[in-house]
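Notes follow the structure.
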Amino acid sequence: MTNIKINSERKGSNPGGYCLVESSPKGHFDAYLKFCSQSRLSPSHPFKPIHQPVYEAVALSLAERFGLHVPRFFVLVNGEDVSFDQTEIQRSKQMSERMPFYLVSKVVKLKTDYESPLLKDMMVNDKFYRDLLMVGDVSGRRQNFGMVEFPHPHVLYIDLGCSFVDAHENFISQRKDVSKLTRDKKGLEKRGLRKSIKNAARYLNTRALITAHDVPYQKDILEFPEILASIRSMNIPTLNAGKIPLDSILCNSEITEIENLLTLNFQRTIRAYKRKGTDLEKKVLKV
């Protein structure tokens, strides 16, 4: 059984709040829980608001694979083994107990010197990886990141957000620089999209990513085609159901949209950094 004891009224821009997780497989810990139920995307768009926690879990899984640090996170799969403990006031603040999925992340409290030159350098170094994942600007939002000193200094992204959709006030939407990759102004699939994806895939076939891991022996080299191919077979960590295959939750059109967004953005980001004259030799290899 998994019990979620809500400890606060709504926090942040989406329904949800701080809670105590009491889970037989995962133990007891303080966490932040959130969900989304409505959409401002075109009706033809494959992304569904109830799947926002899953999209965010995909983005966080990729961030970890790329070498960025995030708190422990899970998707909570609602069912008979899940119970919620909250007041009527909390329920009235849009804390629904009927959503199929929630994102649960462990609460982390850090004392950070945001003027630290080391922290600023690490944020600059990580930006390329955040841009690859279409992460919104976190550098100016101190509540979203901090620095962990031990056992070695690194940035912890307390709230990295979701790469593929934004969620605000219980609605999912997309930033213009994300939506224009695959969609026209009406939200419909762009003409020539397949050709653009084919060209981007050809470009990425000869490139590999050197991960951002801060410990040298943890660094890895990931070929971009392999990264993209791994999306469909990705396993999502859940709070109460182990790891479950992404394609058992999302439909084919949703996964294809994620793959297309990443394919086009990987190419766009690498080219943009090369145009700036940025030295990418320690981040991207030609293979």
Side-chain angles (χ1 to χ4, degrees), residues 1-39 41 45-64 70-108 159-165 167 169-172 230-258:
M1 287 293 295
T2 297
N3 181 65
I4 307 296
K5 183 178 181 180
I6 305 298
N7 292 330
S8 72
E9 295 184 7
R10 171 175 168 171
K11 298 291 183 181
S13 60
N14 285 294
Y18 293 108
C19 63
L20 173 65
V21 173
E22 300 173 326
S23 169
S24 53
K26 298 296 190 301
H28 295 193
F29 59 91
D30 292 322
Y32 180 76
L33 175 146
K34 61 182 177 180
F35 62 91
C36 200
S37 66
Q38 300 183 69
S39 176
L41 299 175
H45 202 291
F47 286 161
K48 300 176 177 64
I50 59 172
H51 287 163
Q52 189 278 335
V54 182
Y55 305 147
E56 188 159 340
V58 172
L60 292 172
S61 296
L62 286 171
E64 286 190 319
V70 298
R72 193 81 183 276
F73 66 91
F74 309 92
V75 170
L76 172 62
V77 182
N78 205 355
E80 293 182 359
D81 64 328
V82 177
S83 62
F84 290 88
D85 182 1
Q86 61 175 328
T87 66
E88 288 302 321
I89 292 177
Q90 289 165 336
R91 287 190 182 91
S92 71
K93 299 292 184 180
Q94 295 184 308
M95 181 50 231
S96 173
E97 300 178 4
R98 298 181 179 180
M99 301 304 296
F101 303 103
Y102 304 82
L103 186 75
V104 176
S105 56
K106 285 194 173 183
V107 170
V108 178
D159 186 0
L160 200 61
C162 180
S163 302
F164 318 113
V165 293
E169 303 300 329
N170 201 24
F171 285 86
I172 61 168
S230 71
I231 303 298
R232 196 166 291 269
S233 59
M234 179 180 289
N235 290 319
I236 299 299
T238 74
L239 190 61
N240 55 329
K243 289 190 175 183
I244 56 178
L246 181 65
D247 62 6
S248 70
I249 305 175
L250 305 186
C251 67
N252 180 64
S253 60
E254 290 173 283
I255 297 176
T256 298
E257 186 73 13
I258 290 172

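Note that the structure is predicted; figures quoted are calculated from it, not measured.
- Ring-plane geometry between Y102 and F35 is classed as perpendicular, the angle between the planes exceeding 60 degrees on a 0 to 90 degree scale with a lower cut at 30.
- No side-chain donor-acceptor contact under 3.5 Å links S23 to the backbone of G27.
- With rounding to the nearest 0.5 Å, the separation of CD1 in I249 from CE in M234 is 11.5 Å.
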Using side chain to side chain contact (heavy atoms under 4.5 Å, CB included), reason through R98 and N78 one step at a time and then give a plain yes or no.
CA-CA 8 Å; R98 298 181 179 180; N78 205 355; 5.5 Å; no

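- Taking each heavy atom of K26 and T238 in turn, the nearest pair found is NZ-O, 3.4 Å.
- Screening residues 46-59 for salt bridge (Lys or Arg N to Asp or Glu O under 4.0 Å) gives K34-E56, K48-E254 as the qualifying pairs, with residues at least two apart or on separate chains.
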I244 vs N235, side chain to side chain contact (heavy atoms under 4.5 Å, CB included): CA-CA, chis, key distance, verdict:
CA-CA 5 Å; I244 56 178; N235 290 319; over 6 Å; no

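- Here the closest heavy-atom approach between residue C162 and residue A59 is recorded as CA-CB, 4.4 Å.
- Formation of a donor-acceptor pair under 3.5 Å by the N7 side chain with backbone atoms of Y18 is not found in this model.
- Between H28 atom NE2 and K5 atom NZ the span is 11.5 Å, to the nearest 0.5 Å.
- Of all the heavy atoms in M1 and V82, the pair that sits closest is CE-N, 4.5 Å.
- In this structure, F47 and I172 approach most closely via the heavy-atom pair O-CD1, 4.1 Å.
- Listed here is the closest heavy atom pair of P53 and F101: CG-O, 3.6 Å.
- Between H51 and Y55, the ring planes are perpendicular. Angles over 60° get that label, and only those under 30° would be called parallel.
- Side-chain N or O atoms of N240 include one that pairs as donor or acceptor with a backbone N or O of V77 at under 3.5 Å.
- A distance of 3.5 Å separates CG in N3 from OG in S83, rounded to the nearest 0.5 Å.
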Do V75 and L239 pass the side chain to side chain contact (heavy atoms under 4.5 Å, CB included) test, and can you show the C-alpha distance, the side-chain angles, and the key distance before you say yes or no?
CA-CA 6 Å; V75 170; L239 190 61; over 6 Å; no

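- Distance check, rounded to the nearest 0.5 Å: SG of C36 to CG of L103 gives 12.0 Å.
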Just do the side chain to side chain contact (heavy atoms under 4.5 Å, CB included) check on L62 and I231 with the steps written out, would you?
CA-CA 9 Å; L62 286 171; I231 303 298; 3.9 Å; yes

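- Atom OG of S39 sits about 11.0 Å away from atom CD of Q52, to the nearest 0.5 Å.
- With hydrogens and angles disregarded, no donor-acceptor distance shorter than 3.5 Å links the side chain of D81 to the backbone of T2.
- Counting heavy atoms from C-beta outward, I4 and D85 have side chains that stay 4.5 Å or more apart.
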